[in-house]
Amino acid sequence: MKISHIEHLGIAVNSIEEALPYYENVLGLKCYNIEVVEDQKVRTAFLKVGETKIELLEPTSPESTIAKFIENKGQGIHHLAFCVEDGVANALAEVEAAGLRLIDKAPRGGAEGLHIAFLHPKSTQGVLTELCED
Ligand code: ZN
C-alpha cells in the first residue's frame, strides 16, 4: 500500500469542552468541526496541524469503546490513522493477505465522511491503527 501521510491522531478525552481550551488557547490550534458518530458512540472534535489532524474522541455512552479505553488506560492517544492513496478496500485486502488481524473486514463510514477501517493492535505492534482515504 502507499501511505501519503498521517491523516489524524485519535485522542480519547472525558470531555471535548474540557479538552479544547488546552488545544486552542495553549497550543493555538483551531477546532473546525464537532460531529457525533452514532455507530461508534462518540462525539469527535477536529483540529488541523498542517496536513494532519487531531481527532478528540469523547464517549457518548458508557458502552462506547472510548469509555472503556478511558476506564482502563485513562485519557490519551487512542489510535493512529494513515491516509492510503489506493483506497481502504485495497489496503485491507493487502493487510489481510499478510495475515494481520482486522477489526473491520470492509471499509465503513467514519467522521468527516471518510471511508475507514481499523486494524487490530495485536497485529500492529500495539498501536490501534486506522486506514482512511479522502
Ligand atoms: Zn480516527
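All heavy atoms count here, side chains included; hydrogens, waters and symmetry mates do not. Indexing begins at 1, ligand by ligand and atom by atom, following the structure's order.
Here Glu96 pairs with Lys105 in a salt bridge; the nearest charged N to carboxylate O distance falls below 4.0 Å. A salt bridge links Arg43 to Glu17: at least one charged side-chain nitrogen sits closer than 4.0 Å to a carboxylate oxygen.
Considering just the N/O/S atoms of Glu130, the one nearest the Zn ion (ligand 1) carries the name OE1.
Counting only distance, with no hydrogens or angles, the side chain of Asn33 and the backbone of Phe46 share no donor-acceptor pair below 3.5 Å.
Among the backbone and side-chain atoms of His79, an N/O/S atom is found under 2.8 Å from the Zn ion (ligand 1).
For the pair Lys30/Lys48, no side-chain contact is recorded, criterion being any heavy-atom separation below 4.5 Å from C-beta on.
An angle of 80° is found at the Zn ion (ligand 1) between His8 atom NE2 and Glu55 atom OE1, rounded to 10°.
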